[in-house]
Amino acid sequence: MRTSSTQCARQDIMQTSASSVGFIGLGRMGRGMASNLQKKGFRLQVLDIDAEAVGHVVALGAQPARSVADMARECDIVITMLPTSVEVEAVATGPQGVFANGRKGGVLMDMSTIDPLATDRLHAQALKVGMSVVDAPVGRLAEHADRGESLFMVGASDADFARVKPLLEAMGTTIHHCGDVGSGGRTKIVNNYLAITLCQVNAEALALSQRFGLDLVRTLQVLFGTSASNNQLKINFVNKVLAGDTRPGFTIDLAHKDLGLVMASAHAAKVPMPVAAAVYEAFSQARAAEFGQLDFSAIADVLAQFAHIEKPRVPAGWKPQA
């Protein structure tokens, strides 16, 4: 009797669910992702320096890990969602790290946005101890992670991609297998360059419209109907800074860090990035003005402050016309 593709998919999910999964890094993005894994039946261990974040996921049924080394010994797949390359490499390497203590055939799946060259180093070290690396950085925002609607850009062998796909499906709705290990992070670098640069361009355009004395809603409706439209303005800005909500989904500090990765990667590849350099310094100014922990859409408020104009805001509850 032939096995249907649906049956195969269910078997993959059951096999992965039966495996023990570790999750390190329960920040604004990671906590929602780990929560969704737990809610969808995976045997989960969690670890973070924030006891409150750990407690949130443990309350859903996850087990708190004692250490990175213990997690690596007990889990088939270890997921990391950490701020920078430094933290990821610290968790993966060294005598108490994942590679020194992990199971043969185990997988380290890093969902952080880090230097692609760090991913290459991790991949090489993993192979030496009989493990493998998957890089699966995240697209979309923290609220999407909360709802299990993230997008993933995955770099992995075909076999490892098949192994981790059920986990990604539990945390997101859109999964792109971009190629071999390292291709996920490099795709994310390109994505974040556009996303963050658009924030700065949108902020400048809004500041100019404010200075001109234009009606903001009418101006936005014009922009949304032309080739100037972009989802950062139409979705992120409208739902965040223009509505007066600058609570962080993705902070200016993290955007600044990612722009640094963009430029470092581009320099290594001998690709000139003059616009990236200009936007990097604009975000440096925002951090100097103590906006660093606000949502990156709040770059619009930074421009308003520097130009001595009112912060751009739309009426409460306003949404773009269809």
Side-chain angles (χ1 to χ4, degrees), residues 27-29 32 113 138-151 173-174 188 190-259 262 275-276 278-322:
R28 183 63 188 88
M29 295 284 281
T113 300
V138 185
R140 301 180 181 153
L141 302 170
E143 50 263 38
H144 295 102
D146 294 340
R147 299 193 297 266
E149 297 173 356
S150 291
L151 177 150
T173 55
T174 308
K188 180 67 183 291
V190 175
N191 177 84
N192 278 21
Y193 165 65
L194 284 173
I196 298 166
T197 300
L198 283 171
C199 274
Q200 179 66 27
V201 172
N202 289 334
E204 293 179 14
L206 291 173
L208 187 60
S209 72
Q210 294 285 96
R211 177 67 79 206
F212 285 166
L214 299 177
D215 180 276
L216 179 58
V217 168
R218 292 177 183 176
T219 302
L220 288 172
Q221 288 295 173
V222 169
L223 297 177
F224 295 157
T226 73
S227 59
S229 182
N230 61 80
N231 282 342
Q232 280 293 351
L233 182 60
K234 193 170 186 177
I235 298 175
N236 190 35
F237 271 48
V238 166
N239 291 322
K240 293 294 289 182
V241 66
L242 297 183
D245 181 4
T246 58
R247 293 171 298 173
F250 179 65
T251 66
I252 284 174
D253 280 342
L254 286 176
H256 183 265
K257 181 267 292 186
D258 285 0
L259 283 170
V262 168
V275 174
V279 176
Y280 181 80
E281 287 309 315
F283 274 70
S284 294
Q285 287 182 312
R287 298 176 74 225
E290 300 186 352
F291 284 85
Q293 286 301 302
L294 299 183
D295 188 79
F296 73 141
S297 66
I299 200 72
D301 286 356
V302 178
L303 263 291
Q305 177 172 301
F306 290 166
H308 303 289
I309 55 179
E310 289 188 14
K311 295 175 182 177
R313 296 291 186 264
V314 295
W318 180 83
K319 298 295 180 185
Q321 295 176 5

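No experiment lies behind these values; they were computed from the predicted model shown. The first residue of the sequence shown is numbered 1, and numbering continues consecutively from there.
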Q: Can you confirm whether Arg247 sits close enough to Lys240 that some side-chain heavy atom of one is under 4.5 Å from a side-chain heavy atom of the other?
A: yes

Q: Looking at every heavy atom in both Val238 and Pro320, which two are closest together, and how far apart are they?
A: CG1-CD, 4.0 Å

Q: Counting only heavy atoms not in Lys257, do more than 12 fall under 6.0 Å of its NZ?
A: yes

Q: Indicate yes or no: does Arg28 engage Asp146 in a salt bridge with an N to O separation below 4.0 Å.
A: yes

Q: Please collect all ring-ring contact (aromatic ring centres under 6.0 Å, His included) contacts where either partner lies in residues 289-317, sequence neighbours excluded, each pair once.
A: Phe250-Phe296

Q: Are any non-hydrogen side-chain atoms of Asp301 and Arg313 less than 4.5 angstrom apart?
A: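 Contact flag for Asp301/Arg313 side chains = yes.
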
Q: Donor-acceptor check, side chain of Glu143 to backbone of Gly249, threshold 3.5 angstrom: yes or no?
A: no

Q: Do Val217 and Pro315 make a side-chain contact, defined as non-hydrogen atoms from C-beta onward lying under 4.5 Å apart?
A: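 Yes, close enough: below the 4.5 Å cut-off.
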
Q: Quick one: list whatever passes side chain to side chain contact (heavy atoms under 4.5 Å, CB included) with Ala205, sequence neighbours left out.
A: none

Q: Let me have the donor-acceptor pairs involving side chains of residues 222-230, under 3.5 Å, with sequence neighbours excluded, atom names and distances please.
A:
from: Thr226; atom 1: OG1; to: Leu223; atom 2: O; distance (Å): 3.3
from: Thr226; atom 1: OG1; to: Ala228; atom 2: N; distance (Å): 3.1
from: Asn230; atom 1: OD1; to: Asn202; atom 2: ND2; distance (Å): 3.0
from: Asn230; atom 1: OD1; to: Gln232; atom 2: N; distance (Å): 3.2
from: Asn230; atom 1: OD1; to: Leu233; atom 2: N; distance (Å): 2.9
from: Asn230; atom 1: ND2; to: Asn202; atom 2: OD1; distance (Å): 3.1
from: Asn230; atom 1: ND2; to: Ala228; atom 2: O; distance (Å): 3.4

Q: Measuring from Leu141:CG to Glu149:CD, what's the distance to the nearest 0.5 Å?
A: 11.0 Å

Q: Which value, rounded to the nearest 0.5 Å, describes the distance between Asn192 atom CG and Cys199 atom SG?
A: 10.0 Å

Q: What distance separates Leu198 CG from Asn231 CG, expressed to the nearest 0.5 Å?
A: 9.5 Å

Q: Can you tell if the side chain of Leu206 reaches within under 4.5 Å of the side chain of Leu216, non-hydrogen atoms only?
A: yes

Q: Counting C-beta onward and ignoring hydrogens, is there a side-chain heavy-atom pair between Pro248 and Gln293 closer than 4.5 Å?
A: no

Q: Measure the CD1-CZ distance between Ile252 and Arg287 for me, rounded to the nearest 0.5 Å.
A: 10.0 Å

Q: Looking only at heavy atoms, what is the nearest atom pair of Glu310 and Ala304, with distance?
A: O-CB, 3.8 Å

Q: So which atom in Ala203 and which in Ala300 form the shortest heavy-atom distance, rounded to 0.1 Å?
A: CB-CA, 3.6 Å

Q: Run the numbers on Leu220 and Phe237 for side-chain contact (heavy atoms from CB on, under 4.5 Å), then give the verdict.
A: CA-CA 11 Å; Leu220 288 172; Phe237 271 48; over 6 Å; no

Q: Of all heavy-atom pairs between Val241 and Ala298, which one has the smallest distance, and what is that distance?
A: CG2-CA, 3.9 Å

Q: Which heavy atom in Ala282 sits nearest to a heavy atom in Ile299, and how many Å separate them?
A: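 Of all heavy-atom pairs spanning Ala282 and Ile299, the closest is O-CD1, 4.4 Å.
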
Q: Side chains of Leu254 and Thr113, heavy atoms from C-beta outward: is any pair under 4.5 Å?
A: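 Not touching, per the 4.5 Å side-chain cut-off.
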
Q: Answer yes or no: is there a side-chain heavy-atom contact under 4.5 Å between Val138 and His144?
A: no

Q: Please determine, by modelled atom types, if Gln285 and Glu281 share a side-chain donor-acceptor pair under 3.5 angstrom.
A: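 Not at all, the side chains of Gln285 and Glu281 share no donor-acceptor pair under 3.5 Å.
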
Q: Side-chain contact test, heavy atoms from C-beta onward, threshold under 4.5 Å: evaluate it for Gln210 versus Leu303 and give yes or no.
A: no

Q: Working to the nearest 0.5 Å, report the span between OG1 of Thr251 and CG of Asp295.
A: 8.5 Å

Q: Which pair of heavy atoms, one from Ala255 and one from Ile196, lies closest together, and at what distance?
A: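 Where Ala255 meets Ile196 most closely, the heavy atoms are O-CD1, 3.5 Å.
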
